[in-house]
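Read through the structure below, which is laid out as structure tokens, and then see the notes.
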Amino acid sequence: MLPKMPSGRWISASLLVILLSLHPIADAFYLPGTFMHTYEAGETIAAKVNSLTSIETELPFSYYSLPYCKPQEGVKKSAENLGEVLMGDQIDNSPYHFHVNVNESLYLCTTDPLTKEQAELLKNRARNLYQVNMILDNLPVMRFTEQNGMTIQWTGYPVGYNPMGSSEDYIINHLKFRVLVHPYQAQGDVVVTSEDGVAMVESDRKSGFQIVGFEVVPCSVKRDPAAMAKLKMYEKVESVNCPLELEKSQVIREKEQITFTYEVEYVKSNIKWPSRWDAYLKMDGAKVHWFSIMNSMMVVFFLAGIVFVIFLRTVRRDLTRYEEMDKEAQAQMNEELSGWKLVVGDVFREPCCSKLLCVMVADGIQITGMAVVTIVFAALGFLSPASRGMLLTGMIILYLFLGIIAGYVGVRLWRTIKQSTDGWKSVAWLTSCFFPGIVFIILTVLNSILWGKKSTGALPISLFFTLLALWFCISVPLTLIGGLLGTRAASIEFPVRTNQIPREIPERKFPSWLLVLGAGTLPFGTLFIELFFILSSIWLGRFYYVFGFLFIVLFLLVIVCGEVSLVLTYMHLCVEDWKWWWKAFFASGSVAFFVFLYSINYLVFDLRSLSGPVSATLYLGYSLIMAFAIMLSTGAIGFLLSFYFVHYLFSSVKID
């Protein structure tokens with residue numbers, strides 16, 4: 001079970017988000033996650049190990065769940081923030097020690113004879129393509145492979161491998177590390193960080209080395225366990241090359257003893273410390289991102305043309321002609337009205353499930369605000385991948401504090417529909433519990449599966465109670481405060497009166513919901529390319545750091561959602577369908593349906609290595625949460641723009 005989140009890290013994370021939100025944009029700079037650390041020659045550094053991960057199962061496991069060598073001082077867990085715990089990270093110390101700028105080849109340990117259970121577990125992890133994720137000076141270890149004449153970059157190295165044509169599995173037990181260092185000459189005081197991330201100032205450090213790269217070549221080497229067992233940990237051994245013959249590789253078999261060794265080579269590099277993450281963050285396919293943006297802009301301009309025609313040629317012409325008539329002519333025209341002018345007495349009639357609509361719109365605005373602020377901060381460099389878990393931590397904290405906006409929007413919309421403040425407390429309560437409650441239920445089901453598999457991805461019970469405390473101590477009170485502010489805000493008065501008897505809606509050949517569902521294809525067309533990169537980042541372990549592109553796509557998505565919902569609302573009013581409220585919401589919110597379908601398509605065709613019903617269930621569960629959040633966000637955007645359009649349209653009509 002993972003350790004309980006230290007309260008100090010919660011406070012520091014909260015203060016960080018608040019301070020960054022108050023920081024002037026003109027003073028913005030790149031925050032790589034830690035302060036620069038300069039090491040003296042010969043100084044000892046200890047690497048850390050994260051959870052074992054696999055793109056086949058998506059079930060992370062602890063590094064020490066396998067029979068690896070343990071540190072002499074014992075296994076110690078590193079302090080983790082909320083985002084790291086939620087992502088299934090479990091960072092521990094390791095026995096791999098490095099002496100700065102000293103090339104060496106060292107012995108670690110020889111295991112006891114493997115039991116049947118240990119051998120089967122190692123084989124299972126190797127066949128499921130599990131990777132060991134090691135960290136040195138906050139840099140993940142990187143390896144390179146050649147495939148079809150191309151060099152492919154990976155983070156981590158495999159637990160083992162199964163060669164083609166062989167029935168045996170082989171373990172990676174010898175690591176050839178290559179550490180890139182940049183010589184540094186300091187002037188005056190130098191800011192460094194301790195192992196626990198606390199910043200310090202050292203005055204006497206004049207020169208040293210900065211770690212700017214961490215690479216590994218994994219090998220499987222068969223050694224004589226009897227001879228190696230006589231050595232002590234960190235004694236020097238001869239350097240070896242990775243054997244190509246299987247007879248010289250270490251097989252995984254019951255009663256087999258495995259010897260672990262490693263060697264380190266330091267290479268001077270011209271890469272400077274602020275640029276050391278560039279190798280991890282560079283993403284090919286910039287042209288694809290620009291194509292995505294151009295594709296989105298075409299959809300925006302197409303819909304903008306339709307909106308332009310509606311406003312300037314249709315609506316404006318009708319209103320101008322209507323206003324120029326005298327009262328007698330208007331009365332005569334009212335008898336001959338057609339289209340949207342016929343539903344003037346029903347257009348603001350209270351929709352069914354109006355409380356649910358207010359809650360969903362409010363939660364959608366809260367999610368949208370969280371997404372916009374997070375992407376802006378990430379694009380400015382404040383949420384670097386070097387700060388593990390900070391992106392997710394920042395999103396959660398922002399969501400909690402944006403509850404005040406959600407409460408205000410939900411209660412004010414409720415007050416507008418009801419034309420009174422009766423029942424606003426229940427709206428505020430539902431707003432604070434609707435989306436988090438559904439997510440909590442889904443995560444509980446998924447977490448029970450992870451618990452059953454003893455995965456480090458399972459959230460500890462203590463974290464569940466911590467999340468509940470944050471929910472009910474921050475989000476709920478802020479939502480209620482926002483609701484109270486909503487009751488005191490100026491009310492939005494309907495420009496026309498509602499008839500007592502509802503008008504009959506003419507029958508149509510095709511159900512209107514078919515058109516609403518099809519409208520979601522337009523917003524989906526603006527984001528599906530970027531969605532591919534995001535899914536690849538989440539499920540294939542790739543870094544995603546093109547937040548500038550993502551912000552542009554998000555901006556275009558908001559515009560498209562508003563335009564689609566507005567056009568669909570006008571079309572329904574023109575055919576005398578005054579039940580536009582929910583249709584305006586789902587006209588843009590239906591993009592979530594296509595996002596979920598695309599997620600299934602990605603699972604079938606791009607995640608073909610994903611194996612087993614447990615992995616598929618986890619994937620679909622998380623995809624469902626993502627699609628639900630997108631539905632609330634896009635639906636809220638489309639509904640609010642449609643509401644203001646309808647309000648403007650009918651406030652321009654003179655009705656006695």
Side-chain angles (χ1 to χ4, degrees), residues 1-5 48-68 70 75-94 117-135 140 155-160 169 171-172 252 388-389 391-393 396 439-467 535 537-542 599 603 607 609-626:
M1 183 176 290
L2 295 175
K4 185 177 179 180
M5 178 72 179
K48 297 181 180 181
V49 286
N50 204 340
S51 300
L52 305 174
T53 55
S54 168
I55 61 173
E56 281 213 350
T57 65
E58 300 298 342
L59 294 171
F61 290 97
S62 169
Y63 174 82
Y64 292 108
S65 63
L66 297 181
Y68 284 129
K70 295 183 178 180
V75 178
K76 298 178 181 178
K77 301 185 185 300
S78 298
E80 296 171 327
N81 59 42
L82 176 60
E84 288 177 304
V85 178
L86 290 175
M87 291 189 298
D89 289 348
Q90 181 174 313
I91 301 177
D92 304 315
N93 61 336
S94 80
E117 292 76 16
Q118 289 176 327
E120 290 299 323
L121 185 61
L122 277 171
K123 289 181 179 180
N124 179 270
R125 297 288 186 265
R127 291 174 182 175
N128 284 330
L129 305 181
Y130 270 88
Q131 302 279 316
V132 177
N133 299 292
M134 194 173 290
I135 304 165
T155 53
Y157 61 88
V159 169
D169 297 278
I171 189 173
I172 299 297
I252 301 174
R388 287 178 183 81
L391 185 67
L392 186 55
T393 303
I396 293 174
V439 171
F440 191 81
I441 292 172
I442 296 175
L443 287 181
T444 301
V445 174
L446 298 180
N447 208 55
S448 62
I449 297 174
L450 292 171
W451 271 334
K453 292 293 182 178
K454 298 180 180 179
S455 168
T456 60
L459 304 182
I461 292 292
S462 59
L463 184 61
F464 262 90
F465 286 110
T466 304
L467 290 173
L535 291 177
S537 171
I538 296 173
W539 300 107
L540 296 181
R542 299 171 184 170
S599 300
L603 171 65
L607 281 181
S609 61
L610 199 66
S611 60
V614 172
S615 302
T617 302
L618 291 171
Y619 174 86
L620 292 175
Y622 292 127
S623 298
L624 183 62
I625 293 175
M626 178 182 68

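Given the structure is predicted, the values throughout are model-derived calculations rather than measurements. Residue indices begin at 1 and follow the sequence shown.
Remark: the backbone N or O of Ser599 is paired with a side-chain donor or acceptor of Tyr619 at under 3.5 angstrom. When atom types are taken as modelled, the side chain of Asn447 and the backbone of Leu459 share a donor-acceptor pair closer than 3.5 angstrom. Put simply, the side chain of Ser455 gets close to the backbone of Pro60: a donor and an acceptor are under 3.5 Å apart. A donor-acceptor pair is defined here as one N or O able to donate and one able to accept, closer than 3.5 Å; no such pair exists between the side chain of Asn93 and the backbone of Lys48.
In terms of heavy-atom proximity, Ala458 sits nearest to Trp451 at CB-CD1, 3.3 Å. Minimum interatomic distance between Ser62 and Gln90 (heavy atoms only, all atoms of both residues): OG-NE2, 3.4 Å. When all heavy atoms of Ile252 and Ala119 are compared, the pair lying nearest together is CG2-O, 3.6 Å. Of all heavy-atom pairs between Ser94 and Val49, the closest is CB-CG1, 3.9 Å. Between Gly621 and Ile442, the closest heavy-atom pair is O-CG2, 3.9 Å. The two residues Met134 and Tyr157 make their nearest non-hydrogen contact at CE-OH, 3.6 Å.
At most 12 non-hydrogen atoms from other residues, nucleotides or ligands lie less than 6.0 angstrom from CZ of Phe465.
Separating the NZ atom in Lys454 from the OG atom in Ser65 is a distance of 11.0 Å, to the nearest 0.5 Å. Between the CG atom of Leu392 and the CD1 atom of Ile396 there is a distance of 4.5 Å, given to the nearest 0.5 Å. Remark: Tyr68 OH to Asp92 CG distance equals 13.5 Å, nearest 0.5 Å. In this structure, Asn50 CG and Ser78 OG are separated by 9.0 Å, a value rounded to the nearest 0.5 Å. Atom CG of Leu129 and atom OG1 of Thr53 lie 10.5 Å apart (nearest 0.5 Å). If you take CG on Leu618 and OG1 on Thr57, they are separated by 9.0 Å, rounding to the nearest 0.5 Å.
Between Ile625 and Leu443 there is a side-chain heavy-atom pair separated by less than 4.5 Å. Contact annotation: the side chain of Asp169 never approaches that of Leu122 to less than 4.5 Å [non-hydrogen atoms, C-beta and beyond]. In this structure the side chain of Tyr63 never reaches within 4.5 angstrom of the side chain of Val75, judged on heavy atoms. Within the 4.5 Å cutoff, the side chain of Val132 has heavy atoms near those of the Leu52 side chain. Counting heavy atoms from C-beta on, the side chains of Leu59 and Tyr130 come closer than 4.5 Å.
A perpendicular orientation is assigned to the rings of Phe440 and Phe464, their planes being inclined by more than 60° (bins at 30° and 60°).
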